[in-house]
*Asks:* 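Have a look at the structure that comes next, please.
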Number of protein chains: 2
Amino acid sequence: MTEEHEFEFEFDIRQDPYNHMMKIIFSRWKPFILRAIDFDGDNPTYFSRFFKQLPITQKVLSQNLKAMEQDGLISRNIIPEIPPRVEYKLTDEGKSVIALLDLVYDWGWKDMKRKSMPIDPLGEMWHGYRERDEDIMYHPYKKLNTKDC
Amino acid sequence: MTEEHEFEFEFDIRQDPYNHMMKIIFSRWKPFILRAIDFDGDNPTYFSRFFKQLPITQKVLSQNLKAMEQDGLISRNIIPEIPPRVEYKLTDEGKSVIALLDLVYDWGWKDMKRKSMPIDPLGEMWHGYRERDEDIMYHPYKKLNTKDC
DNA sequence: CAGTATCCTTAGGGATACTG
DNA sequence: CAGTATCCCTAAGGATACTG
């Protein structure tokens with residue numbers, strides 16, 4: 001409706017790559033979800049698997065997975081078992097964004113260190129800033145209590 | 001208050017570098033603001049300058065600049081003239097994030113191309129994907145109408 | 001297991017007007 | 001010129017319950 005009175009084009013933030021990236025990648029949970037799938041390597045990730053590492057609700061996870069599938073970052077594959085399982089994997093496109101996420105993480109990690117902010121250890125393990133502790137990485141996130149922050 | 005009943009630590013998204021980055025860098029306008037200041041090179045950027053390129057309101061710009069100053073990304077310097085002007089520059093820390101933003105832009109640009117999405121020309125000029133047109137870059141964003149999208 | 005369905009809260013931003 | 005001050009709105013997420 002407002003468009004009807006515009007005869008001129010303007011800078012449209014919606015058509016800018018930064019905006020695009022913030023929508024498809026840099027929303028609250030997506031970097032974590034991508035990292036979680038990547039962490040499983042060639043093994044597929046299942047729906048329930050995410051809850052072992054991320055305090056996310058089913059609804060929000062579902063929403064995010066759906067969006068990321070539509071954006072071509074992940075693939076969804078239903079395994080006909082009883083009960084049925086659903087595999088999530090990174091597409092080639094999804095894999096290609098992991099390296100970028102690493103750089104983003106690194107910049108943020110250094111910035112937080114510089115400012116003496118506490119940094120969560122799970123992300124540090126994923127990113128090689130801390131030795132991997134399988135007991136933490138493969139178990140529910142609440143287990144992190146056994147380690148200091 | 002909820003903390004009082006927690007005896008255990010959990011994965012805390014607020015202490016993760018991804019979350020940190022999304023707060024201090026990847027919010028709606030910050031990449032654009034950083035790029036705009038960077039574009040002016042050694043010349044400082046003034047408050048009113050931003051409106052020539054970005055359809056942002058004074059309130060939101062002010063909020064963002066304040067946050068970015070506190071986060072150490074930009075510096076604010078008042079010039080005692082009548083009327084007073086205020087210079088904004090990138091700090092060394094702010095400069096160091098520009099290269100990262102370039103990579104983010106590039107990934108997004110390629111993704112949008114792959115998907116045949118229209119891309120705003122102003123950002124393309126800033127990032128070298130289109131020849132610089134001083135007439136566009138130095139004038140109010142509405143002037144973009146004179147060029148095709 | 002892998003999700004929906006509802007209801008609710010909140011941060012971030014937009015519109016507009018005003019000020020030192 | 002360089003901002004505040006108000007008011008409003010919406011998208012994204014959280015809490016909780018339910019389902020094939």
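Atom set for the values below is all heavy atoms of this structure, side chains included, hydrogens, waters and symmetry mates excluded. Letters A, B, ... are given to chains in the order of the sequence lines, protein chains preceding strands, and every chain is numbered from 1.
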*Asks:* May I have the distance from B:N77 (atom CG) to D:dA2 (atom P), rounded to whole angstrom?
*Replies:* 12 Å

*Asks:* Side chain of B:S48, heavy atoms from C-beta onward: which of C:dA2, C:dT4, D:dA2 has the nearest atom to it?
*Replies:* D:dA2

*Asks:* Applying ring-ring contact (aromatic ring centres under 6.0 Å, His included), name anything that partners B:Y46, two or more places apart in sequence or on another chain.
*Replies:* none

*Asks:* Roughly how many Å is it from CG in B:L61 to C1' in D:dA5, rounded to a whole number?
*Replies:* 16 Å

*Asks:* Strictly under 6.0 Å, is that where the ring centroids of B:Y18 and A:H127 end up?
*Replies:* yes

*Asks:* Whenever both distances are under 3.5 Å in a Watson-Crick or G-U wobble pair, mark it; put DNA chain D into dot-bracket that way, with [ ] for crossing pairs and | when the partner is on another strand.
*Replies:* ||||||||||||||||||||

*Asks:* Applying side-chain hydrogen bond (donor to acceptor under 3.5 Å, both in side chains), which residue pairs with at least one partner in residues 23-35 of chain B are found, sequence neighbours left out?
*Replies:* B:R35-B:D102

*Asks:* Under the side chain to side chain donor-acceptor pair (under 3.5 Å) test, which residues partner A:N19, sequence neighbours left out?
*Replies:* none

*Asks:* Under 4.0 angstrom, heavy atoms only, what part of the nucleic acid is B:F50 near: base, sugar-phosphate, or nothing?
*Replies:* nothing

*Asks:* A:H20 and B:G108: which non-hydrogen atoms are nearest, and at how many Å?
*Replies:* CD2-O, 3.9 Å

*Asks:* Within residues 17-25 of chain B, which residues have any heavy atom lying less than 4.0 Å from an atom of DNA chain D?
*Replies:* none

*Asks:* List in chain and number order the residues that pass ring-ring contact (aromatic ring centres under 6.0 Å, His included) with B:F50, two or more places apart in sequence or in another chain; answer none if no residue qualifies.
*Replies:* none

*Asks:* Mind checking side chain to side chain donor-acceptor pair (under 3.5 Å) for A:D38 and listing every partner two or more places apart, or none if nothing turns up?
*Replies:* none

*Asks:* I'd like a table of donor-acceptor pairs (distance under 3.5 Å, sequence neighbours excluded) in which one partner is a side-chain atom from residues 58-78 of chain B, with atom names and distances.
*Replies:*
from: B:N64; atom 1: ND2; to: B:V60; atom 2: O; distance (Å): 2.8
from: B:R76; atom 1: NE; to: B:Y88; atom 2: OH; distance (Å): 3.2
from: B:N77; atom 1: ND2; to: B:E87; atom 2: OE1; distance (Å): 3.4

*Asks:* Hey, are A:K115 and A:D111 close enough for a salt bridge, meaning a charged N less than 4.0 Å from a carboxylate O?
*Replies:* yes

*Asks:* Apply side chain to side chain donor-acceptor pair (under 3.5 Å) to A:Y105 and list each qualifying residue two or more places apart in sequence or on a separate chain.
*Replies:* none

*Asks:* Restricting both atoms to N or O, compile the protein contacts to nucleotides 13-15 of chain D shorter than 3.5 Å, with distance only.
*Replies:*
from: D:dG13; atom 1: OP1; to: A:R28; atom 2: N; distance (Å): 3.2
from: D:dG13; atom 1: O6; to: A:K59; atom 2: NZ; distance (Å): 3.4
from: D:dG14; atom 1: OP1; to: A:R28; atom 2: NE; distance (Å): 3.0
from: D:dG14; atom 1: OP2; to: A:W29; atom 2: NE1; distance (Å): 2.9
from: D:dG14; atom 1: O6; to: A:K59; atom 2: NZ; distance (Å): 2.4

*Asks:* Under 3.5 Å, which N/O atoms of the protein pair with N/O atoms of nucleotides 17-20 of chain D?
*Replies:*
none

*Asks:* How close or far is atom P of D:dA2 from atom OH of B:Y88, stated in whole angstroms?
*Replies:* 8 Å

*Asks:* To the nearest Å, how far apart are A:I79 CD1 and C:dG3 P?
*Replies:* 12 Å

*Asks:* Measure the distance from NZ on B:K66 to P on C:dG12 and round it to the nearest whole Å.
*Replies:* 15 Å

